[in-house]
Every structure is written in structure tokens, then in C-alpha cells.
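Data block below; observations after.
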Amino acid sequence: MTDDRRVPLAPSIPRPDPAPRRSLRTLAFLGFVAAAGAQQPEPAAPPAPDAAPAAAVRTLCLQNLAPNARAEGAAVVVPFAEGAVPDRPDLHVRDTATAWQPFGARWPDGSLRQALCLFRAELAPLQERALDLVPGPGPELPTGDVDLPPAQIEFVVTQGGTTTRAEPVPVAELEANALRRVQLRRVRIGTTGLVGELIVTAWRDQPHAAIDVAVFCSDPSTPRMQCGVDEVAVESRGMAIVLRHPGRLGVRQQTTAQGSRNVLLQNTQIGDGQGIRRTGALVPPLHGDGGLADSTSLAACVAPVLGATSWRDSGAFGPFGHVPEMPPWLRGPQLRAHFARRHRAFVDSERPGGDPFAVGNHGLDRMAGQTGDQGDFGTVKLSTVAASGLPSFLLEVEAAMLQEGCRPVHCFEADGSPVEPADHPQWVVWSGRTHWHPGVSPDRLGKDTSLPAFDNHGWTGKDREHWSSNFLGAFAQLTGAHWARLELANEVRLYLAGQTTDPRLTTSGSGAARGAGRTELAAAWMWLATGDERLRQRMNERLELVYYPQWAGRELGQDRVRTLSVCLPDDRLLQGKFSYWNPWQDAIAAVGFGAAFGVTGNPRARELAEQVALNVVRYGWLLTPTECEIAIAMRWQDGVPLTEEQRMSGDPTVLHWAYGTAYSEWSVAACEIARVAALARGDEALAQRAATIQERLRARRRQPPAGPWDFGGIDRLTEWDAVRWTSPKRD
């Protein structure tokens, strides 16, 4: 079955700088593409996106958001249940030669968790196609190497009137199969202090390629903590680079007699470890015959072929394997209408002259450690895509996730290769940067200080208490994008260098409960996208040597408060007079440990997740006929629970309920762990208490505002309340 329809989505249009017509017709089409941006297709009557479960019919959804027909390679990440696919999927897109590229983590039995499904597809302008995966190997795949595009690409950096050119060289083959080849190239750009990076994705018998461009400031040969630049550009000859999101990210693009010139940065400073990432297409000269090849190049400059499928019933999405049910206002055709509204707004917001260091509308804020709620917080993100298999939202999230490159946490060696913690055993990081104390980190990577003299355009690394990578992890798992996986691989290196186990180091402490939970949840997402065994080993080491031994309530009886950590008096809570424990933070810790168990299977992680969650539900919630709130702080009485009189006293030196905050919403996921664990232990009363808390909070669910950037879409509770848990029965 093939279901073809025009999608009610406005095209996203690159707006390059105007340029005179050149003898080489590479990008002579750009004026046409810009003009096509005025086209706003009328919404069609959309079918329900979730008409059939993925288990019954495995369907891939492709979307062409460009106003041009195209015939090119398509890539869709397909999830698999544990044990379903031992090695390579025996599936193919009906009547189409299909290659498979596994990536990231596997299930504990070694079977595939997810793999890229690669095939060639044709799409009409602004068309959506539904394609079936059917059993069997399908048509025979071609043999021989996939050719890389015949383009010469250089980074060009001007500093103080001096221009330095450098051509990146191959450093790794990230992917090589019958249909696609992905090559990673890097170069140190002279003595500028900068490192340039390219990812070139070539398809068999396809004239254009995908290209990802990155530039980072990092040079251990000098103590300098920033790179001042007059201009950073990437130039190509033989083919032209057209980058997406140029207006919002401050890219200036123009044709040249040989190909193209893309100005990435002008008259600015880049902090040590900071960079930018950009993505787009590498296109050949047009034939000028109006044929499908030219039309495909036009389309590739607007947007990639977007693809997705439902992850329901696979158990593979995120560390808990759970795709939450959509709230009532996003069920059936309403989700498609929501995607259409936000895509139109996203396209309309593209304007020339944007900030190269802008923060997107998804993910953590520039200053990761700021107080209050942040858009990346939760248990999962992008559940709307995982539930529906509709991919258009991925283009908007791509623009935001590219900006993770702006965090000043990317460290490179003198030869341009990333700094590996194993090669620097005395290098220790804090919030993604070399620890400020030379006694903790004797290896300073050639620097005299840990921070540059200016503020990195407001960007910081992720500190433990706010280390959240839910959007980036979900984006990488749903798309398989190599640049996103490289960004997560960098976070893996930071975890290895900063989540230490040596008891002599301050970085070997459990820290605040929310920090333990968020860091382990982030690590679980990193693991799913990278499958890096070093990460999983360190997660296990932290569980065995740090979190479990430092669990404050570990040796207390079940009739005591078995909190993860006890906090010293703080003027902000209990009037600064008493030590206390944080129920809402313990709830976040329980979810992080639950995620760690999901990817490591470590019994310590299960014990921590269940016992901490049970303790929070038992002692940390106010549950009356009219109230349902978690506590922000409760007085610590050496494990003795507060009496009912104390709990209801309202005494500000005893406890502080979470009225008027989002803490109860943040804590709901731990209730599912507690509910299941209580049932397994035969404690039906505690299980019912957890279920009642869940019911009360779910009843509070409200549709977000209709304006930017919520568009009446997913509510925060849905992506917090996204845990599936199993627990062995206890005697």
C-alpha cells in the first residue's frame, strides 16, 4: 500500500544573499526557490495520524516540504522490540531496494533496538507518502563503493586582516553500505585557534549530497581563551553549499563563479570550547532542462526528505521504552493540524540577519544552570513524533538542536581530534569545562584559567543539577542524524571526565538529588544514540561506588525516611534553621536511576529507583480530599517521619509544600515506579496512594496556550508522566 497526499505544511525556504548571475549555473535556481516561499498550500482534510498501531502495520511516513518534485535517498529510523531482530532486519520497502544501517545501543540480548532504513523514493511537491515495510530482503542491492561528491571545500578564516584557508581531510567513515556513504572530515585551521568539521552524506547515483558544517574554538597550544574573528566562511568549488535556517542563524550565502561562499560568522569572539553547527545540501550545477534532477536539487535546498514511523509497542523509545498517549486535544486529526500550524509559524519566522548564537525554542536555555523550569526538562521529548510517525516537527527541532554546538564544552587536541578522557587521566571537568581548581584537574588542556574573559554569548555548559539532553537525545534517536550523535558523543566524553569515582575528587560525590537524577537520565539518552560501552561502564561504576554507598537512607528501616540525600540548613527553606530532605528532588532522582536501570540492568539502580520512589510517595506528598502536592522541603529528624500533626501544621520551620510551583508535575513519573514496586511487594495501600496522586495530577491537565511557541500542543505533564516500569514480585 502507498498512501500519497499533499501535506498542509508551508515550505521552509532558504534566503541567500542576492548575487549576480554567474557563468557557472550552480545555484541559478535560488531566486526561484526564494519566490516559491510565497506559496502557502491550503490545508487538506487530514486523515488521523494514528489510525493503525505500528505492531499491525509497519508504515513509514515521508514528507516533502519543498514545492518541488524530488527523487532521492530517504532515511527513516525504525525501532524494534527486544529480540525481534538479532542482526539485520528481514524487511524492505515494498518493491524497493532497501539497505539497513544499525546505530546506537542494542538490547541486552544483542538484538537491534533501532536502525536506519535507507531507500530511494520519489515525491511530488508538498507531498506526503505512506510506505509499507514488508517481509523479505526485497530487490537486490547494488554493489561497489558509493562515490563522494566531486567538490572541493575549504574553511576560510580572516583575523586582523590575515586570511587562512584550510581543507578538511577524512578522519572517519561514519557509514558505508550499499546505498549511502557518510564521511567525517576535520582540519585545524592554521594558527587561528579554530577547528573545522564536515560531515558529507553521499547517496549512490545521486548528484547532490547532504552536508553538515561545524567550527569550534579550541587550541591547547596557547593559553588564549577565545578566538576573535573578522569572518569565518566555508567555500566550495565544483558544487555549491546551501545551508538551512540561514536567516535565523545569521548565515550569508551567495554563489560564486566556482560554486558558493557561505559566511558563518562576522566580527565576533568565540569562547574556548564554543562553536557553531550548520546543516544543508551540497548541490551540483543545474542542467537547465526542467527535469527531475534539477527539481530534486531545488527541493534539497529547501528541506531534506523527512521520515518517521510510530515507535508505539516497540519499547525502544527512550530509556523507559514508553511513548505516552497523546492528550485529548491532540488525538486524531488534531495532531496533524497542530503540526501544520507550528510549521507555518516556523517558516514565517525565518528572517535575514539572525543571531548565530541564538538559543532555539527547544532544549535548555543558554545558561543551563538558571533557576526555574526549562523547556528540556521532563522524562521524554518529541513524543508527538514517536506516537504519530509524522516527521515535520523534526525540522523545527533541528534548528534548535544545532545550537547545542554553541555551548563552550568542545575540546580538541593540537591535531584537531577531540580530547579523549582516557588520554588525559588528570583532566576533570565541572559543568562541561576544565575544573576551576588545579588540584582537582592538574591537566588544564594548555589553559591558565577555566573560563574566558567574556560570557560566550551567554552560553554555558550543563551543570549536574541541570544536565538535561531530552530533546537532543530524542532527536538523535528519531533521526539518526550523525551531527546530533557527534554532539551526544561529546557529552559522553564530558560524563567520563566529570562523573568520576575517585573518592579524592569533589566530582565523585552524589551531589544534589536532582543532579543525580538528571545526569543519569541524560546519560541514558546518550547511551541510546551512541551505544558507547565506556559510558555504560562509568554509569555502573557511579552506581556501585558513588550513588549507592552515599545513599543517606540506605541502612534505615522501612519505617524510616529513606531519602537519597540530606541537605544542610539553607536560608531559603525552613527559615534556614534545620537540615532537610527534598521530596521533589528525590522523585527526579528516582526517575534518573530508573533510566539508568533501563540501559544498564544494574540491580543497584533498580533498588535506588524503587526505594527512593516508594519513600517519596509514602512521606513526601500531601494527599487530602482537596489537595495533592509534593513537598519542596521536609525537616530531617534522623530518619524519623514527621507526625501527622507536623505535616498539617503549616509550620514554615517544619515543611514547605509546593503550592504554586511545577514541582508536583515534575514528580509524577516517580509515582509510577512506586506504584508498580508497591504492588510487587504486596503493599496495596501504598500502590493506591501512588495511583491516586497520578489520577489527581492527570485530572489537572490543561491544553497549553494557542500562541507561540506552544500552539496548543503537548502539555508538560504528558512528557513528564512517561514512565513504564516492571518489578519482580517480592516474598
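Using a 3.5 Å distance cut-off with no hydrogens or angles, the side chains of Arg58 and Thr309 do not pair a donor with an acceptor. A donor-acceptor contact under 3.5 angstrom links the side chains of Gln183 and Arg185, judged on distance only. Side chains of Thr279 and Glu398: a donor-acceptor N/O pair is absent below 3.5 angstrom, by distance only.
The cationic atom of Arg534 (NZ for Lys, CZ for Arg) does not lie both less than 6.0 Å from the six-membered ring centre of Tyr495 and within 45° of the ring axis.
The line from CG of Leu382 to CZ of Phe317 is 6.5 Å long, rounded to the nearest 0.5 Å. Taken to the nearest 0.5 Å, the OG atom of Ser236 stands 10.5 Å off from the CD atom of Glu154. Expressed to the nearest 0.5 Å, how far CG of Asp212 lies from CG of Leu282 amounts to 11.0 Å. Of the inter-residue distances, the one linking Thr718 atom OG1 with Glu325 atom CD reads 10.0 Å to the nearest 0.5 angstrom. The distance from the NZ atom of Lys381 to the CG atom of Leu478 is 13.5 Å, given to the nearest 0.5 Å. Atoms NE2 and OG, from His208 and Ser297 in turn, are 6.5 Å apart once rounded to the nearest 0.5 Å.
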**Request:** Before giving the answer on side-chain contact (heavy atoms from CB on, under 4.5 Å), spell out for Leu486 and Leu184 the whole-Å C-alpha distance, their side-chain angles and the decisive distance to 0.1 Å.
**Result:** CA-CA 10 Å; Leu486 285 181; Leu184 174 64; 4.0 Å; yes
**Message:** As a quick check of understanding, evaluate side-chain contact (heavy atoms from CB on, under 4.5 Å) for Arg181 and Val200, giving each step before the final call.
**Reply:** CA-CA 8 Å; Arg181 181 179 175 188; Val200 180; over 6 Å; no
**Item:** Stepwise side-chain contact (heavy atoms from CB on, under 4.5 Å) check, Val251 with His245
**Value:** CA-CA 8 Å; Val251 176; His245 322 298; over 6 Å; no
**Request:** Just do the side-chain contact (heavy atoms from CB on, under 4.5 Å) check on Ile211 and Ile153 with the steps written out, would you?
**Result:** CA-CA 11 Å; Ile211 190 165; Ile153 302 170; 3.6 Å; yes
**Request:** Begin with the C-alpha distance, continue with both residues' side-chain angles, and end with the deciding distance and a verdict on ring-ring contact (aromatic ring centres under 6.0 Å, His included) for Trp525 and Phe471.
**Result:** CA-CA 9 Å; Trp525 280 107; Phe471 261 116; over 10 Å; no
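Ring-plane geometry between Trp483 and Phe475 is classed as tilted, the angle between the planes lying from 30 to 60 degrees on a 0 to 90 degree scale.
Side chain of His338 to main chain of Phe711: a donor-acceptor pair is present (N/O by atom type, distance under 3.5 Å, no hydrogens or angles). Counting only distance, with no hydrogens or angles, the side chain of Thr379 and the backbone of Trp720 share a donor-acceptor pair below 3.5 Å. For Thr96 (side chain) and Phe119 (main-chain N/O), no donor-acceptor pair under 3.5 Å exists by modelled atom type. Listed for the Gln499 side chain is no donor-acceptor partner under 3.5 Å among the backbone atoms of Glu520. Counting only distance, with no hydrogens or angles, the side chain of Gln63 and the backbone of Leu126 share no donor-acceptor pair below 3.5 Å. Under the 3.5 Å distance criterion, the side-chain polar atoms of Arg180 are left unmatched by any main-chain donor or acceptor of Glu175. No donor-acceptor pair closer than 3.5 Å links the side chain of Asp90 to the backbone N or O of Pro135. In terms of modelled atom types and a separation under 3.5 Å, the side chain of Asn177 and the main chain of Ala99 share no donor-acceptor contact. The backbone N or O of Ala316 lies less than 3.5 Å from a partner atom in the side chain of Arg113, making a donor-acceptor pair. Side-chain atoms of Trp100 never come within 3.5 Å of backbone atoms of Cys117 as a donor-acceptor pair (strictly under, hydrogens ignored).
When all heavy atoms are compared, the tightest approach of Gly378 to Leu521 is O-CD2, 3.4 Å. What you find for His92 and Pro139 is that their closest heavy atoms are CD2-CD, 4.0 Å. Of all the heavy atoms in Ile241 and Gln253, the pair that sits closest is O-OE1, 3.9 Å. Shown here for Ala669 and Val591, the closest heavy-atom pair between the two residues is CB-CG2, 3.6 Å. Pairing each heavy atom of Arg312 with each of Ser310, the nearest pair is N-OG, 3.2 Å. Here the shortest heavy-atom pairing between Val359 and Leu364 reads CG2-O, 3.9 Å.
No side-chain heavy atom of Asp532 sits less than 4.5 Å from a side-chain heavy atom of Met526.
Heavy-atom neighbours of Glu533 CD from other residues, nucleotides or ligands within 6.0 Å: above the threshold of 12. Other residues, nucleotides and ligands contribute over 12 non-hydrogen atoms within 6.0 Å of the CG atom of Asp109.
Look at Arg407 and Glu491 and you find no salt bridge, because none of the NZ, NE, NH1 or NH2 atoms lies under 4.0 Å from a carboxylate O. Arg277 has a carboxylate O that lies under 4.0 Å from a charged side-chain N of Glu197, or vice versa, which qualifies the two as a salt bridge.
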Solution key, residues 75-82 side-chain donor-acceptor pairs under 3.5 Å, sequence neighbours excluded:
none

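Of the listed residues (Arg341, Arg244, Arg342), just one forms a salt bridge (charged side-chain N to carboxylate O under 4.0 Å, His left out) with Glu396, and that residue is Arg342.
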